[in-house]
Structure formats: C-alpha cells, structure tokens
**Q** 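I have a structure here, written as structure tokens, and I will follow up with some questions on it.
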Amino acid sequence: MTTKALKLKELAKGEDRFAHGHRMCAGCGAPIVVKQVLMATDYPIIAANATGCLEVSSCIQQFTAWKIPWMHSAFENAAATISGIEAMYRSLVKQGKLEDKNVKFIAFGGDGGTYDIGFQALSGAMERGHDMMYICYDNGAYMNTGIQRSSATPFGADTTTCPAGDVIPGKLQQRKDLTRIMAAHGIPYVAQASPANWMDLMKKVQKAFEIKGPKFMNVISPCNRGWRSRTDDAIMLSKLAFETCYWPLFEIENGVTRITAKPKEKKPLVDFLKPQGRFKHMFAPGNEWMLKQAQDYVDAQWERLQKEAVFSGGEEK
Amino acid sequence: MGKIVAVTGNEACAYALKQINPDVCAAYPITPATDLMQRFSGYVSNGQVDTELVLVESEHSAMSACIGAAAAGGRVATATSSQGLALMWEMLYIAAGTRLPIVMPLVNRALSAPLNIHGDHSDGMGARDTGWIQIYSENAQEAYDNLVQSFRIAEHLEIRVPAMVCMDGFIVSHSIERVEYIDDADVKNFVGKFQAVHPLLDLEHPKSYGPLILADLYHEYKRAQHEVMTKVSGVVLEVAAEFEKMTGRKYGLFEEYRLEDAEIAIVVMSSAAGTTKDIIDQYRDKGVKVGLLKPRMFRPFPFTQVAEALKHVKAIAVLDRADSFGGYGPLFSEIAGAVMSMDHKPAMINKIFGLGGRDYLPDQAEQVIDELIKIAKTGKVEAIKEYIGVRE
C-alpha cells in the first residue's frame with residue numbers, strides 16, 4: 001500500500017522519477033502532469049509513451065529524463081505497447097520467472113495520439129482489461145507537428161490546419177468527448193483532471209492505482225506555443241479551464257459519476273478564451289456567434305454532467 | 001526420432017509454438033493464418049502452454065504488443081498474413097530497429113486490391129526492407145523445422161533480430177502433408193531458455209527504449225543494423241548444423257537441387273520449388289543439364305554464396321511469386337545482384353507466376369526450361385520479364 005500523504009513538504013522531499021533537464025518547452029503543461037502523476041505514488045511504474053512532444057523532448061539519444069523503465073515505439077500504439085509489457089509481466093509472474101512487485105503500468109499520450117490515431121489501440125487495450133492506466137495530456141491540437149487541428153481541438157480555435165480565415169473562422173466542430181467515450185467502455189475508472197488542481201489529480205492517480213483493470217485519465221495540459229499564451233500561463237489557464245467549467249473535474253467509478261471539485265462561482269468562458277491568442281478572432285466584431293456557441297456548448301455539457309453526477313467534493317478553496 | 005503425423009502447415013506451426021511455449025503471443029486473425037493461432041489458442045485454453053495470449057484489435061496492435069512484450073523481456077511470437085502484415089509494416093521496422101527477437105510465421109498471401117485471399121509472396125516482399133530475417137519454406141515440414149530454428153536464430157545473442165518464417169498460403173498452410181515432429185524435450189532443449197537483454201522489467205536498472213535519434217547518429221545506427229544482418233548467415237548455418245544433428249534434416253541458406261553440373265537453372269522459392277524439382281528430374285532423364293536453386297533465407301540475402309552456386313550456369317530463369325510494378329520481380333533483382341559479381345554473367349529471364357493463388361503447373365516449368373535451353377544455345381534473350389500462366 002503506497003497511498004502516501006499528499007503533503008507538499010513531504011512530496012518535495014521525494015525523488016523525481018521524471019528528471020529535470022528534459023527538453024520540453026518552457027511553461028509546458030505536460031511535464032507538470034507527468035511529475036504529478038509519478039509523484040502521487042511509490043509503486044514501481046513502467047511507462048509507455050506515444051510519439052509526441054513529451055516523447056521527443058524527454059528521451060533523445062544518450063539522454064533520458066525517465067528514471068523508470070520507459071518505452072516509446074510509435075505514435076498510435078502506446079496503449080498496445082504497454083499492454084504487451086503488462087502481458088509479459090503477468091506471464092512471467094504466473095510462471096514464477098519473476099517476483100510480483102506490484103508494478104503499475106502507465107501509457108502517456110497527447111490528444112492526437114489518444115483521441116485520433118491512437119484511439120483504436122486505446123479502445124482495444126481497455127476492452128481487453130489490461131491492468132494499466134492510460135493518461136492523456138490534452139493540449140487540444142497536434143502541437144508537436146506544428147499546431148494542427150486534432151479532434152480534441154475546441155470549437156473556434158485557430159490552428160495551422162483550421163486557420164481563422166475570412167471564410168472559415170477557425171475550427172467549426174466541437175471537441176470529441178473522449179472522457180465520456182472512455183467511460184462508455186465500462187472500465188472501472190475514468191477521470192478528468194487538471195495540473196492546477198494538483199491534489200485532486202494526485203488523489204485520482206492514487207485511487208486508480210488501487211483499482212485492478214484498465215483506467216483512463218484525461219488531463220488538461222496547456223501549450224503556450226499552440227494556445228498563443230504567455231510562457232508562465234499553464235497553471236493559470238488550467239485553473240480557468242476548471243473555473244469556467246470548460247474542463248470539469250470528475251471521475252466515473254464503476255459507472256458512478258462524481259464531480260470531484262466545483263468552482264465557487266462558474267466564470268464565463270471568455271475568461272478562459274481571452275488570454276489565448278488562438279481564440280483572438282472570436283472577439284472580433286461579427287464573430288459574437290462564436291463566443292455564444294462556445295459558451296452554449298460548455299453550459300450544456302456542464303448541465304449534463306451535473307445531472308448525471310453525485311457531488312462529492314467541497315467548494316474550491 | 002519424433003512422431004510422424006499428417007497435418008497442415010498451420011497445424012505444424014501451431015504445434016511448434018506449443019512445443020516452444022512462448023511467454024507472450026499477441027495476435028489478430030487473418031486468412032490463411034487464422035487457423036494457426038486458433039489452434040494455438042486451444043493449447044492456451046487447455047493449459048498446455050504458459051503463454052499469455054493477447055487477442056488484440058488489429059495487426060498493428062499485435063505487433064505493438066509483441067514489441068512491448070519483447071522489450072519487457074521474454075519470448076514472443078505472433079503470426080499473420082497479407083493485409084495483416086501490411087498493417088504491421090510500420091511496427092516491423094520498429095521491432096527490427098529496436099532489436100527485439102520476435103518470431104512470426106507469415107502465411108504468404110496476395111495483397112489488395114483487388115481483394116484476394118490466396119497465396120503469393122507480395123506480403124513478404126513488401127516487408128523485405130524492414131530489417132527482419134526472412135526464411136521461406138517449401139512445405140509443412142520445412143515450415144515446422146524453420147519455425148523451431150528461427151527462435152534460436154532470432155534470439156542469438158550476437159544478433160537479436162526478429163524473424164519471419166514464411167509458407168505459402170493454402171498450398172502449404174491448408175494442405176495435409178506428412179510431417180515428422182521432433183520430441184517435445186528435444187525442441188525444448190534445442191530452443192533453450194530465453195535470455196533477456198536489457199529487459200524493461202528489470203526495475204533496478206531502468207531502461208529507456210525508443211529514443212529520438214536525429215541526423216547526428218541515425219545514419220550510424222542504420223549502418224550498425226546492416227552490420228548485424230551480415231552476421232545472420234553464420235548464425236543460420238550454425239543453428240542448421242545443430243538442427244541436423246538432432247533431426248538428420250539438412251538446411252542451408254538455400255537449397256541446390258541437381259545444380260552442381262547444371263548448364264541452366266531455375267531459381268524459385270517455397271512450394272513451387274517442389275513442382276519444379278519433379279520437372280527437372282524429367283528433363284535430367286532426357287539428358288538436359290538443368291538444376292534448381294531454392295532460396296531459404298531471403299533476408300539477409302546470401303549474395304556471394306548464391307553467386308558461387310550459380311557461377312557455372314549459362315542461363316537462369318528466376319520465378320517470382322510477387323511483382324514489382326514497373327520493375328523486375330523482387331527475387332530476380334536479388335539474383336541479378338548476386339550475378340553482378342560474376343566474371344561470366346549468365347543470361348537471365350524473369351517469370352512472374354502464381355499471383356493470387358494461380359496454380360503453378362508442371363507444363364509451365366517445362367516451358368521455362370525449354371526457353372532456357374534455347375537461350376543457352378543462342379545466347380539471346382527475347383523478353384527479360386514475362387508473366388506465365390496468365391490469361392491473354
């Protein structure tokens with residue numbers, strides 16, 4: 001049992017399992033997410049990583065930021081790769097060739113490698129029931145390849161493949177609701193988290209690790225390059241995502257949906273959109289409909305979640 | 001001596017896998033390889049093997065899971081065919097580039113479009129440059145024997161390269177033949193214990209697999225991969241020698257059939273070699289000095305040894321059960337590559353045959369030999385590349 005106390009003082013003393021000196025952009029949300037996930041537990045962890053920002057920046061020939069066993073094989077198959085690693089572990093333990101050390105298996109993928117090209121492998125691994133956790137760090141576009149639209153890109157965003165032009169003003173579709181799709185797999189644990197609510201995120205990781213079977217966690221992960229925000233805005237923006245209910249914090253455990261934290265006061269979505277250059281055109285005269293459509297969608301999603309959920313958390317402090 | 005049975009190629013390969021008892025198999029069904037993994041699944045369900053079976057949602061994930069499992073540190077196998085191999089294509093490179101000794105029976109089948117489920121070599125040839133060892137089998141006995149040997153070859157500590165063992169779809173995978181099985185204990189002893197190299201499951205010594213390597217080192221890495229492949233022939237022959245001691249069955253990099261004093265030769269792989277041997281016997285009875293070279297190890301290709309075996313021949317027909325549109329057949333290109341080093345270059349023709357399961361008939365072999373006799377006499381080649389058995 002390694003559900004350790006989540007006290008900053010204690011956590012700060014712990015050894016980082018994702019080392020300093022990686023080459024992620026300054027101000028990126030992803031390494032913060034990875035650190036929080038790995039810090040939440042003392043269990044031995046083996047991780048697989050989809051091709052993407054996190055992977056190319058954390059393990060370049062001769063240098064690795066991973067102090068745990070780690071593997072990258074391709075873009076669309078982190079879930080399948082970790083399922084093979086987990087299967088080998090089970091096989092060797094069952095045969096008595098390896099001591100069972102309660103190893104936990106995690107796959108990390110960005111939204112492109114998770115929502116889109118990696119979706120099939122992810123769905124397959126979840127259905128097969130591997131004892132693993134899949135963590136999507138969702139920055140809402142293919143940031144590693146130059147900010148192209150993904151199916152996680154929010155409505156209205158300006159990306160390099162859906163640029164806000166005179167005729168088409170950015171992305172016209174809403175995001176794919178992957179968290180809910182993963183829940184529909186009927187797996188024991190699905191959650192949505194944010195690095196700004198670090199305690200919530202780490203508690204979810206701890207909880208997930210105590211559950212046998214497939215787990216999925218979707219974590220918002222700001223990208224200042226793609227979001228066209230300031231370098232030090234990652235935590236502020238993930239907090240605003242939560243406060244505007246753009247990124248509600250909830251978990252679905254054995255089919256029961258629970259909102260794990262609610263903002264004291266639901267802020268208007270524009271508070272989240274405004275600091276981001278990718279939504280700048282939505283504030284131009286004539287594009288008021290875009291702001292409305294974006295707000296309406298968030299409201300509807302939030303309403304729906306509240307209807308489905310029991311609320312277990314406290315007011316945000 | 002092992003027991004003699006009447007089994008299909010698929011059944012024989014499934015049985016070999018049972019005897020070898022891999023730690024993990026990840027698989028997705030595809031005709032005509034389906035039956036192989038189905039039979040193996042039966043062994044798993046009945047507790048006859050310790051294998052952890054991962055029944056994935058695609059061949060891409062099958063190879064991905066095999067890659068993860070192999071890196072974790074254990075013996076890994078899968079099987080596929082045709083579109084399945086094509087879907088694995090990206091991951092085949094990664095398995096080889098990561099030096100993971102995965103073993104995979106490949107039941108050779110045509111590729112779409114148009115859709116066709118029958119046997120030819122277009123799948124295997126598409127994976128030619130992925131860095132896998134490719135071993136082709138003429139019949140069920142060879143498929144079984146090659147599969148047993150391939151674990152030793154792939155897992156050899158000096159190479160650690162994945163290997164595919166090919167047999168012709170339906171012709172071999174589904175036909176019942178006489179096969180001599182090796183005793184379980186002998187197979188177990190021959191294959192030996194799996195030796196993990198840098199396993200991910202070694203928690204005390206964490207490894208990072210799959211780094212980004214840019215222009216500063218990628219080129220060197222690829223050359224190193226080629227250099228490893230140059231060591232494969234030695235390993236294949238070493239394993240074959242041990243296999244012969246155990247079974248009395250002799251294997252080389254290729255088979256020479258009545259080639260020693262031949263003036264003309266046919267080069268053909270897999271099941272078509274059997275038919276060709278019969279016709280060669282008939283022509284030998286008539287006094288025609290014709291022989292056969294049947295490549296077994298297609299990757300790495302044994303250029304020098306093949307050149308040595310063919311050096312006295314005046315004319316060669318290379319029969320390809322796959323095509324390269326706008327080019328010569330892939331086997332022809334290899335033989336041409338081997339011939340390049342010869343002082344006296346033989347005349348060469350290329351016949352594309354048997355695509356999509358089209359029968360290869362004895363009279364087609366006769367036509368090829370007749371053409372070779374003419375070429376050897378006149379030195380004239382009318383058409384280098386032609387299709388045989390095709391409706392005009």
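By convention in this document, chain letters (A, B, ...) are assigned in the order of the sequence lines, proteins followed by strands, and residues within each chain are numbered from 1.
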**Q** With no hydrogens and no angle check, just 3.5 Å: does a side-chain donor-acceptor pair link Gln148(A) and Thr145(A)?
**A** yes
**Q** Closer than 4.0 angstrom, basic N to acidic O: yes or no for Arg90(A) and Glu52(B)?
**A** yes
**Q** Would you mind reporting whether Ser123(A) and Gln120(A) have side-chain heavy atoms less than 4.5 Å apart?
**A** no
**Q** In a check of salt bridge (charged side-chain N to carboxylate O under 4.0 Å, His left out) between Glu155(B) and each of Arg160(B), Arg99(B), Arg75(B), which one passes?
**A**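 Checked Arg160(B), Arg99(B), Arg75(B) against Glu155(B); only one passes salt bridge (charged side-chain N to carboxylate O under 4.0 Å, His left out): Arg75(B).
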**Q** Within residues 188-198 of chain B, which residues come under 4.5 Å of chain A, heavy atom to heavy atom?
**A** none
**Q** Which bit of Glu55(A) comes within less than 4.5 Å of chain B, counting heavy atoms only: side chain, backbone, both or neither?
**A** side chain
**Q** Under a 4.5 Å heavy-atom cutoff, which of Val76(B), Ile213(B), Leu214(B) has the most pairs with chain A?
**A**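 Top count of heavy-atom pairs under 4.5 Å with chain A: Ile213(B).
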**Q** For chain A, find which of Ser58(B), Ala69(B), Ala26(B) contributes the most heavy-atom pairs closer than 4.5 angstrom.
**A**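 Sorted descending by pairs with chain A, the first entry is Ala69(B).
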**Q** Which residues in residues 67-76 of chain A have a heavy atom less than 4.5 Å from any heavy atom of chain B?
**A** Lys67(A), Ile68(A), Pro69(A), Trp70(A), Met71(A), His72(A), Ser73(A), Ala74(A), Glu76(A)
**Q** Side chain, backbone, both or neither: which part of Leu53(B) has an atom under 4.5 Å from a heavy atom of chain A?
**A**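 For Leu53(B), neither part sits under 4.5 Å from chain A.
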**Q** Kindly state whether the ring of Phe216(A) and the ring of Tyr189(A) have centres lying under 6.0 angstrom apart.
**A**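 Distance test on ring centres: not under 6.0 Å, no.
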**Q** Under 4.5 Å from any heavy atom of chain A, what part of Leu217(B) do you find: side chain, backbone, both or neither?
**A**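 For Leu217(B), the side chain is the part near chain A, not the backbone.
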**Q** Is the closest side-chain donor-acceptor distance between Asp111(A) and Ser150(A) under 3.5 Å?
**A** yes
**Q** Tell me yes or no: between the side chains of Tyr93(B) and Asp129(B), is some donor less than 3.5 Å from an acceptor?
**A** no
**Q** Taking the six-membered ring of Tyr43(A) as reference, does the NZ or CZ atom of Lys104(A) fall below 6.0 Å from its centre and within a 45° cone about the axis?
**A**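 Geometry flag: set, cation within 6.0 Å and 45°.
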**Q** Could you tell me which portion of Leu200(B) (side chain, backbone, both or neither) has an atom closer than 4.5 angstrom to a non-hydrogen atom of chain A?
**A**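 The answer is both parts of Leu200(B).
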**Q** Enumerate the residue pairs fulfilling side chain to side chain donor-acceptor pair (under 3.5 Å) with a member in residues 23-34 of chain B, sequence neighbours excluded, ordered by first and then second residue.
**A**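 Sorted result for residues 23-34 of chain B: Gln95(A)-Asp23(B), Lys97(A)-Asp23(B).
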**Q** Side chains of Asn218(A) and Tyr115(A): donor-acceptor distance under 3.5 Å anywhere?
**A**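 A donor-acceptor contact under 3.5 Å links the two side chains.
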**Q** Please classify the contact between Met91(B) and chain A as side chain, backbone, both or neither, with a heavy-atom cut-off of under 4.5 Å.
**A**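 When you check distances to chain A, only side chain atoms of Met91(B) fall under 4.5 Å.
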**Q** Is any side-chain heavy atom of Thr114(A) closer than 4.5 Å to one of Leu122(A)?
**A**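 Leu122(A) reaches Thr114(A) side chain to side chain.
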**Q** Does Met37(B) reach the side chain of Ile30(B), with side-chain heavy atoms less than 4.5 Å apart?
**A** no
**Q** For chain B, which residues of residues 131-138 of chain A have at least one non-hydrogen atom nearer than 4.5 Å to it?
**A**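 Under the 4.5 Å heavy-atom cut-off, nothing qualifies.
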**Q** Hey, which of Ala70(B), Ala62(B), Cys66(B), Ala72(B) has the most heavy atom pairs under 4.5 Å with chain A?
**A**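 Between Ala70(B), Ala62(B), Cys66(B), Ala72(B), the count favours Ala72(B).
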**Q** State, yes or no, whether a side-chain contact exists between Thr98(B) and Tyr209(B) at a heavy-atom distance under 4.5 Å.
**A**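 Yes. Closest side-chain heavy atoms under 4.5 Å.
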**Q** Quick one: do Lys4(A) and Asp42(A) make a salt bridge, cutoff under 4.0 Å?
**A** yes
**Q** Any side-chain donor-acceptor pair under 3.5 Å between Asn224(A) and Thr231(A)?
**A**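 There is no such pair between these side chains.
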**Q** What do you reckon, is CZ of Arg180(A) surrounded by more than 12 foreign heavy atoms closer than 6.0 Å?
**A**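 Yes, the 6.0 Å shell around CZ holds more than 12 heavy atoms from other groups.
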**Q** A side-chain contact here means heavy atoms from C-beta on lying under 4.5 Å apart; do Asp123(B) and Gln83(B) qualify?
**A**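 The answer is no, as the side chains (C-beta and beyond) never meet within the 4.5 Å cut-off.
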**Q** Chain B heavy atoms under 4.5 Å from Leu98(A): which part of the residue, side chain, backbone, both or neither?
**A**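 Interface part for Leu98(A): side chain.
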**Q** Less than 4.0 angstrom from a charged side-chain N to a carboxylate O is my criterion; do Arg223(B) and Glu227(B) meet it?
**A**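 Result for this pair is yes, salt bridge flagged.
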**Q** Which bit of His205(B) is near chain A, if near means a heavy-atom gap under 4.5 Å: side chain, backbone, both or neither?
**A** neither
